[in-house]
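Scroll down for the structure; my scribbles are underneath it.
We number each residue from 1, following the sequence as shown.
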Amino acid sequence: MIESKQIQRPQLVLVVDDHEINRDALGVILEDDYEVIYAENGKEALEQMAAHKTDLSIVLLDLMMPVMTGFEVLEYVRNDEELKRIPIIVLTAEKSAELQSLQLGAVDFITKPFDVTEIILARVSRIIELSEGRQLISAAENDSLTGLYTRNFFFEYANRLYQYRAKGTLDAVVINIEQFHTINALHGRDFGDDVLRIIGDEIRGFLSETEGIASRFEADRFDIFCVRRENYQSVLDRLQRRANNISNNVNIHLRMGVMHGQEGIEPVQLFDRARAACNMVRGDYQNPLMIYDEEMRLRELRNQRLLNDLHTAVLERHFQVYYQPKYDIQCEPPRLASAEALIRWRHPELGMISPGDFIPLFEGNGLIGVVDSFVWNEAARQIARWRDTLHMELPVSVNLSRSDVYDPTLEDRLVALVEENGLNYKSFKLEVTESAYTDNAKRVLDVIRRLREKGFEIEMDDFGSGYSSLNMLSDMPIDVLKMDMKFIRNIETSETDRKLVMLILDIAKYLHVSVVAEGVETEGQLEILRAGKCDLVQGYYFSRPLPPEEFEELIQREIDTERE
């Protein structure tokens with residue numbers, strides 16, 4: 001079988017000169033090695049370049065021509081993003097024109113008259129070779145969507161700037177687009193690409209006014225390494241204004257983290273800290289700019305310590321599960337009905353660590369499942385222990401994080417816990433935060449439906465925090481709504497909050513689900529909720545979260561009261 005070979009087309013050369021004899025002379029020199037096309041003046045040259053912009057390898061350009069001079073062609077090409085990739089060799093007999101031509105973008109010269117054929121061919125060949133090599137490098141060097149540097153080249157150039165500039169004068173800036181994956185999902189990848197392209201264009205505009213470089217680092221992250229500015233809020237405002245003009249129907253929010261350059265801290269470390277600062281304001285639409293400072297550095301060190309100590313905390317039982325009671329307030333006196341399991345960390349060196357410090361940290365690093373598993377195991381054993389010693393199987397709610405829902409073994413693990421401890425499925429209640437239902441809602445709903453079919457009761461935690469629509473709520477397989485405590489806090493003094501609480505209670509009644517009110521601290525709050533037919537409450541009015549031995553005393557008092 002004869003293998004067919006594709007015939008390679010010769011490289012295309014444009015010769016521009018108003019004198020026919022010069023055009024013919026260059027044509028004779030070049031035609032054995034190249035395909036040659038011609039133009040008689042600068043206007044024709046630009047027309048030919050536009051027509052052949054993807055194929056043209058080089059232009060040989062005379063300077064002094066009628067209609068449009070070679071200088072005017074160079075000026076035009078320098079400002080055209082597509083044409084300026086084509087190298088131009090100037091044809092001139094005037095030495096004085098060389099500097100001006102170089103300043104306008106010419107790459108080499110051929111002196112008139114054309115006397116040494118080999119030199120002309122060598123120069124044309126070398127320039128084409130260099131240009132093609134540069135274009136290959138540029139393809140790897142620049143992000144095809146925004147034209148900014150790619151990650152590897154960005155840090156190569158950032159390191160050079162760091163070496164040659166006065167130390168500590170260049171700052172690292174990281175910009176992210178909030179919920180960019182949602183923008184792509186709702187409006188399509190083409191729209192998302194437009195957003196990235198426009199933000200990249202505005203960053204290039206900013207860099208045209210100051211010294212610096214930029215990169216599209218990840219899908220929606222931009223890095224800028226620039227001379228220090230006193231006011232980065234103005235930079236963020238500029239970018240945000242451009243983002244606001246992209247679409248009237250799509251809200252696009254940017255956030256920014258900045259690390260001021262310091263002597264001895266290299267670009268990679270600067271950008272790690274700028275990224276940490278940017279992540280600190282994720283979801284904060286009121287204050288989307290964070291400057292990395294000493295307080296953040298100490299917090300980062302502490303966070304890393306907590307991440308390192310997680311598995312030791314599980315093995316050596318530095319974690320403890322506390323229980324906060326929930327009371328049925330539709331009876332008199334209110335009756336202990338169930339409890340919520342809450343994690344506490346008594347660190348041997350750092351002392352008691354707030355869940356508000358470590359839970360978001362572990363969620364952000366994909367480790368929250370380790371904590372959840374510890375709570376599940378402890379809570380299941382505790383329910384069984386109270387049942388066996390106090391003869392009361394008190395239902396306890398445990399949390400399911402978003403990451404738990406994606407665990408293919410979740411259902412089997414939960415079923416095994418219930419079966420191993422001989423529990424009623426309704427005694428091991430599962431809380432899912434409202435926000436989890438909006439992140440791949442179909443997957444979450446499918447998992448929750450299967451768990452309910454097994455017999456588990458599902459509580460929607462933090463209801464009212466602003467994520468779900470009423471239409472979505474009607475499709476959710478839930479048994480209990482847990483009302484976010486921010487609604488409860490001001491119901492005695494705010495008519496708006498009180499009406500919102502009553503509305504939520506009415507919605508729950510319509511859906512035939514129970515309601516738990518969190519954060520109840522006063523008798524006035526309790527009476528308003530009771531009048532609105534709220535089923536259960538939890539909060540400091542009745543009890544703070546308690547360790548198992550103290551909670552056991554509370555159960556015993558409840559049992560004694562019922563016997564009287």
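- Separation of atoms CG (L529) and CE (M483) is listed at 6.0 Å; rounding is to 0.5 Å.
- Side chain to side chain, E393 and S427 meet the donor-acceptor criterion of an N or O pair below 3.5 Å.
- The aromatic rings of F225 and F154 sit perpendicular to each other, their planes meeting at more than 60°, with 30° as the lower class boundary.
- With no hydrogens or angles considered, a side-chain donor-acceptor pair links S401 and D372 at under 3.5 Å.
- Side-chain atoms of Q525 come within 3.5 Å of backbone N or O of I488 as a donor-acceptor pair.
- Residues I175 and L239 meet the side-chain proximity criterion, which asks for heavy atoms closer than 4.5 Å.
- In this structure, the side chains of L186 and F191 stay at 4.5 Å or more apart for every pair of heavy atoms.
- Considering every non-hydrogen atom in both A243 and I199, the closest pair reads CB-CD1, 3.9 Å.
- Cation-pi geometry between R221 and F217 is satisfied (NZ or CZ under 6.0 Å from the ring centre, within 45° of the ring normal).
- Contact check on E552 versus R385 returns no salt bridge, with no Lys/Arg side-chain nitrogen under 4.0 Å from an Asp/Glu carboxylate oxygen.
- Within a 6.0 Å radius of CG in N248, other residues, nucleotides and ligands contribute 12 heavy atoms or fewer.
- Two residues are said to be in side-chain contact when any heavy atoms from C-beta on lie closer than 4.5 Å; V516 and D535 fail this criterion.
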Quiz item: Going through the checks in order, is the ring pair (Phe, Tyr, Trp, His ring centres under 6.0 Å) test met by Y162 and F155?
Solution: CA-CA 10 Å; Y162 174 77; F155 276 114; over 10 Å; no
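- Side-chain contact between Y327 and E558: present, with at least one pair of heavy atoms (C-beta onward) separated by less than 4.5 Å.
- Taking the six-membered ring for Trp and thresholds of 30 and 60 degrees, F358 and W345 have ring planes more than 60 degrees apart, a perpendicular arrangement.
- If you check the side chains of R282 and N279, you find a donor sitting under 3.5 Å from an acceptor.
- Here the side chain of Q240 pairs a donor or acceptor atom with the backbone of L254 at under 3.5 angstrom.
- The shortest distance between side-chain heavy atoms of D328 and L336 does not fall below 4.5 Å.
- A donor-acceptor contact shorter than 3.5 Å is absent between the side chain of R344 and the backbone of Q320.
- Looking only at atom types and distance, the side chain of T409 has a donor-acceptor partner in the side chain of D407 under 3.5 Å away.
- Using a cutoff of 4.0 Å between basic side-chain nitrogens and carboxylate oxygens, E349 and R305 are scored as salt-bridged.
- More than 12 heavy atoms of other residues, nucleotides or ligands lie within 6.0 Å of CD in E294, so this atom counts as buried by the packing criterion.
- In terms of modelled atom types and a separation under 3.5 Å, the side chain of R228 and the main chain of G261 share a donor-acceptor contact.
- Taking CZ from R302 and NE2 from H347, the interatomic distance works out to 8.5 Å, rounded to the nearest 0.5 Å.
- In this structure, CG on D223 lies 5.0 Å from CZ on F271, to the nearest 0.5 angstrom.
- In this structure a side-chain-to-backbone donor-acceptor pair under 3.5 Å is missing from N365 to L367.
- R273 places a side-chain heavy atom less than 4.5 Å from the side chain of E300.
- With a 6.0 Å radius and a threshold of 12 heavy atoms from other residues, nucleotides or ligands, Y285 has its OH atom above the threshold.
- Atom CD of E549 sits in a crowded spot, with more than 12 heavy atoms from other residues, nucleotides or ligands closer than 6.0 Å.
- Within 6.0 Å of the CD atom in E495, the count of heavy atoms belonging to other residues, nucleotides or ligands does not exceed 12.
- Side-chain atoms of R498 come within 3.5 Å of backbone N or O of I491 as a donor-acceptor pair.
- In this structure, L342 and Q324 have side chains that are in contact, with non-hydrogen atoms separated by less than 4.5 Å.
- In this structure, E453 does not pair ionically with R449, as no charged nitrogen and carboxylate oxygen lie closer than 4.0 Å.
- A side-chain donor-acceptor contact under 3.5 Å links D171 and Y232.
- At least one donor-acceptor pair closer than 3.5 Å links the side chain of Q269 to the backbone N or O of E266.
- Residues Y323 and W386 bring their aromatic ring centres within 6.0 Å.
- Atom CG in D293 sits 9.5 Å away from atom CE in M259 (nearest 0.5 Å).
- Between I343 and F319 the shortest side-chain heavy-atom distance falls below 4.5 Å.
- Side chain of N231 to main chain of S234: a donor-acceptor pair is present (N/O by atom type, distance under 3.5 Å, no hydrogens or angles).
- S494 places a side-chain N or O within 3.5 Å of a backbone atom of D497 that can act as its donor or acceptor partner.
- Not one N or O on the side chain of S373 forms a donor-acceptor pair closer than 3.5 Å with the backbone of V370.
- In plain terms, the two heavy atoms of R197 and L145 that are nearest each other are NH2-CD1, 3.1 Å.
- Under the 6.0 Å distance and 45° angle rule, R216 does not count as a cation-pi partner of F222.
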